[in-house]
Structures are given as structure tokens and as C-alpha cells.
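So the structure is just underneath, and the comments pick up after that.
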Amino acid sequence: MTHTIKLEASNRPEVMERILRVVRHRGFSLEEVLMKQCHTTNSTQITLTVSGERPISNLENQLNKLYDVAQLERAQTGASAVAMNA
Amino acid sequence: MTGAELVLKVLQQHGIQHIFGYPGGAIMPIYDALYDSDVEHFLCRHEQGAAFSAIGYARSTGKVGVCMATSGPGATNLVTGLADAMMDSIPVVAITGQVFSGLIGTDAFQEMDVLGMSLSITKQSFLVQSLDELADILHQAFEVAQSGRPGPVLVDIPKDIQIGAVDFEPYPIAQKQYPLLETNAIAKARDLIGSAQKPLFYIGGGVGMADAIEEMQDLLNATQIPAISTLKALGTVPADYPYNLGLVGMHGNQAANHAVQECDLLICTGARFDDRVTGKLDSFAPNAKIIHLDIDPAEIHKLRQADVSILADFKQLLPELAVTPSISTWQQHAADLKTQYAWRYDFPGETIYAPKLLNLLSQRLPFDHAVSCDVGQHQMWVAQHMLFSSPRNHLSSGGAGTMGFGLPAAIGVQVARPDCTSVVVSGDGSFMMNVQELGTIKRFKLPVKIVLLDNQRLGMVKQWQELFFEERYSETNLSDNPDFVTLAKAFDIPALSINQADQIEDGIDQLINSKGPFLLHVQIDEKENVWPLVPPGKANNDMLEGEL
Ligand SMILES: Cc1ncc(C[n+]2csc(CCOP(=O)(O)OP(=O)(O)O)c2C)c(N)n1
């Protein structure tokens, strides 16, 4: 099952690594990713499409508790990150 | 002032008086600033020792523990300690020196990607990029370490930032903010508790971490609901609570393990359905509805679906749940289980039965004491047979199960609580993993009491080989151990070796009455195993028992 998650995170240099590590470690694989630094708000916008058999809410909870993640929302299941941002 | 001086100023602002560490090239400016500072530094003999001492300091007080190391190998030596703190949710701040910013990424001497290494073993980590952000990052480190579910935070500081000039500005320390109580969920939880026939509290380390022991005890008093405890919760439920069924899980008390299988409502309070607790997850508390109380949203529904979940600070939440169900049959059953499965100490032999020794030691220790243990059979005997008046007095590496934890943790306890009798119970395998910290005890004349249970084996692994690997004892024989009494003496630590049951009293007396540190070397039979045991993959009521 694939899921797309949108995140707003801090723009520290390691933020992508931090997020992708959690995705992998919690049992999901990355299908697509879109990332953009926003210098005016000092934040990073990230859209991830991941696939995995475990409940996606578990991954969302783990991502949401990262100190660097300010906001997280689930876009619809099945859609792709690139399509969502097109 | 310099960045290095600022680091120490911020530590003091957060009330830090003691830190544990080990110097080296990339952190020399901070050590130089330390030379004139009021912060007291405890030189450990290995960075892993420093990390565990910081953990001991934190666990025994509820305050943040701080450790420091240099770049590269200094930082890698902290890794195991930070991972341990992560698994057990311990507030620790680690400060590491890093090579000059301009050299990062050039494979400079002792340059390692410490931030990269830290990602999976800390709650949060920072590589300071500029002097401007140094103070802010340090304050964030303390806030993150303590807020919500606590955990370790690492701050990696390049050398140029340590020597650069910066202004110190006082920083308002943020007040703790709690999530609002969810009244709907609380009402549902109260209903479930009120109507349950066989409710059971499953209490975890979260209660102690939230500093809500009193609130938990009040709740038990009000509800009179039976309770089981995880390793990290031991000491939360008063020993004389009539329905205290003790430790649950792989080496738990049979009373706890039977009760959890029979209950119809499990109130998980700051625990996390760890596999060492649940055994086969599908068959854990098979007929129970679940109320899950926690501060960390990621724990809810992670392993077991909850019927009602409440995210809250326990100090506020627990008083709201005081409902008194009518459960006299269940209470009677719990009390009967407790009596039926009470630990027995009528061991017939003339050799030393470790559970009996630990139980006696527990009774003899002064009121203000804390026991740090290592990992293995002795760790389980400590959990089973010693009594604790608070989880702050029982330090055990739970989530990570890290051998080598005990001795440095006990050093941290002794520094944090100078009047406390800080005891280590270790095994002959674990003890050797951070044995160099005897040097720290010697240097600071710390009166740490060491009980070394020597079975000349990596006992817990040997037990599994006996039970599950056809007695093929691969690499678990330690019968060529050093002479531990001589070893202790090399560090000016008086020591006594005992091997007969009738020497126990004298051994314990000498240990407790010694003014300074003491090592009691206890030779025990390698055949003694830890019982009961829920074999891996089995349900909790499927326990193996040994014979006395
Ligand atoms: C750092 C580390 N390495 C390996 C293990 C695996 N392990 C768990 S218990 C144990 C044996 C411990 O032996 P000892 O300290 O003598 O205690 P005993 O079980 O004999 O009481 C081992 C090797 C571990 N938990 N931690």
C-alpha cells in the first residue's frame, strides 16, 4: 500500500536524513520524494510517498514526534508525491 | 566570552553542577574553560563510563545528566550510552567537540560524522553551525531532553565555535507545557474502569519519569485495583499494597503473569508492550480491553490496539481516574495469587543462593539506597528479590539491556546523591565491561558498594544454551576470570570473597559498614538459573519453573 505524507520541517541540513531514516527503520520504503527549502519561513516542505505493510499511522506518529517536524498531514492514500505537487 | 565559556554558563543556568567526561583535542577549549568554572567535572576512564554515569545521575534524581567527549573516537564511545538512554527515555545531554568547521568533510584527524551517527540513538541532535546559534541550541537541548517523553540529546560543537567570542545573554527557561486533558476520553476510561470485573494496572517507567509516583499510589489506594509492574516501574507500587503482583514478563512473578492473562481490562500506564513483557503478543492479555495512558502519541496502537487512549501528563491525569469498581472476587483472587506465588528462599544447599543473598541485602540496606545492576541473570534476581521504595532507586538497563551499565551508573548515583548508599550488583561478565571505572571510584573516593555475583559464566546466555541450544555452551565460560579481590585492591577498594551460605551475613555486614567503597565477591554455582521463564514465542502463562 502506498501513502503520501506532507511535512513541514525545520531547515536544518540533516533534516532529510533524519526523516528518511525513520521511514526506513519503521518498515516503509520510499517511492517518491519532493523537498523544497523555504528561506522566508526558515522551513522545509517535504512530500513523501512511501509504501509498506504496517499501519501508516505508526509512521506518522514517529515522524510527528521528531523535534524537527513542525506539521504533518496525510494526503490521500495511493497518490504520488510528484502528482500532488504538480 | 568564548563559546566554550558560554557552554558552561548555559549548563549552570540549567542547574547543572556535575558533569562526566573525558577530554581530547577537539574539546580542549571547553576543558580549558572548565578549569576556572564552578561546574564539577568527573573524569571517567572511558567515555562509555561517562555516558552511563550521566544516566545514573539522571535516573536517580529525575534531573538531566550531562556527559562530554572529544570528536571521533570520543564521540563513538558515547554511542552505546546514548542508545541506552534512548531506549529507557532518560534525559541526558551529551556535548562533543568537533574538528574546525572548515575541516568537516575533509577526513581530518579525529573527524567523524557524529551528527550522522547520532540520528538513531538520540531524541534530537545538533551540529552547531555558527556562534550565533550556540546558546539557543544548548537551551533547546535541555528542553528537548526533559519534555514529553524524555531522552538523550547530543550537541556537537566545532572547535572554532568553542574558541570564538560571543556575548552571553540570559535566556528565559521555558515552563513545562502539558497537553490539555481530554475529558471525553477520561469519561470513557472511567466507565470502563467502573464496569470492569477484572481490571489490572500495567505500570511502566512512564509514571516515575513523569514524577507521578504519589499520584499513582493515590490512585491505587482509591481504586484498589491489582497492579503489575515492568522492570522500569519497580518501586512505584508500594511493596505492601495488598494487590501488588510484582514484575510481569519473561522473568516476571507467576502471579503477575497469570493475572495479566486473566484480566478483562488492562490499564497500561506509561508502559509500551515490550516483547520482554508480553511474550507472544497475540496471546497477551487475550480477553482484555485496553486503556492506554502515555505522554508519547507514538506508543498508542503501536503494538496493541487501545480501546481508549489518553495522552497526558500523569500528574494531572491520574487523579481524574479514581473510580472504585466492585471487584471483591478479583481482589481476593489477586491476593491468593500473590500468596501462592510468593518467592521462596528455603534453599537447602550450603552454597550461596543469590536470590536469598539479594533479598537479605535488600532488607539490610539503609533507607536511602539505590541499586544499579548490570545485565544477565543477576539483573533479573535484583528485579525479583530486592524491594524498592521508588523507581529512582532501581537502575537497570531495560530497553537496551547493556552489559557494563551497572558500575558507572552507580558512580552517577553516588555523585548525585552523596548520602545515599549506592550499590552495584554485577555479574562477572558485565563487570569487566566497564571495570576501568574502578579508577573513577578511587579518584573521587566514592563509597560505592559492589556486589559481584560470580558464576564464572555469561550466565544468562549459558541458561539459554542449556534450555534452547541443546547444552552447547559456546563461548560462555569465564572460569579464567581475574582474581577480583586483588583487582579491587589495586584500586584501594577493600574486598572480601565468600562462597558459603553461612558467610552471607558477615559479607553483607562488611559491605554495608565499610566507610568507603567495598567489593563483595560472591562465588555462586554456575548451574543456578533464573526462574520462572516464559520461553521465547510463548504466552505469559506458559512459564517454566525450576526447583529449589
Ligand atoms: C553489551 C552487551 N553484550 C552482550 C550482551 C548479551 N548478554 C546478555 S546477558 C549476557 C551474560 C551476562 O553475564 P554476566 O554479566 O556474568 O551475568 P550473569 O548472567 O552471569 O548473571 C550477555 C553476554 C548484552 N546484553 N550486552
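Residue numbering restarts at 1 for every chain, and letters A, B, ... go by the order of the sequence lines.
- The contact list for residues 58-66 of chain A toward chain B, using heavy atoms and a distance under 4.5 Å, reads A:Asn58, A:Asn61, A:Gln62, A:Lys65 by residue number.
- Neither the backbone nor the side chain of A:Pro55 comes within contact range of chain B, judged by heavy atoms closer than 4.5 Å.
- Considering all non-hydrogen atoms of both residues, B:Gly116 and A:Glu17 come closest at CA-OE1, 4.5 Å.
- If you take CZ on A:Arg21 and OG on B:Ser120, they are separated by 5.0 Å, rounding to the nearest 0.5 Å.
- The OG atom of B:Ser125 lies 3.5 Å from the CZ atom of A:Arg18; values are rounded to the nearest 0.5 Å.
- Other residues, nucleotides and ligands contribute more than 12 heavy atoms inside 6.0 Å of the NZ atom of B:Lys315.
- Annotation: the span from B:Gln124 atom CD to A:Ser10 atom OG amounts to 7.0 Å, rounded to 0.5 Å.
- Going from atom CZ of A:Arg12 over to atom CZ of B:Phe126 covers 6.5 Å, rounded to the nearest 0.5 Å.
- For B:Leu119, the parts sitting under 4.5 Å from any heavy atom of chain A are the backbone and the side chain alike.
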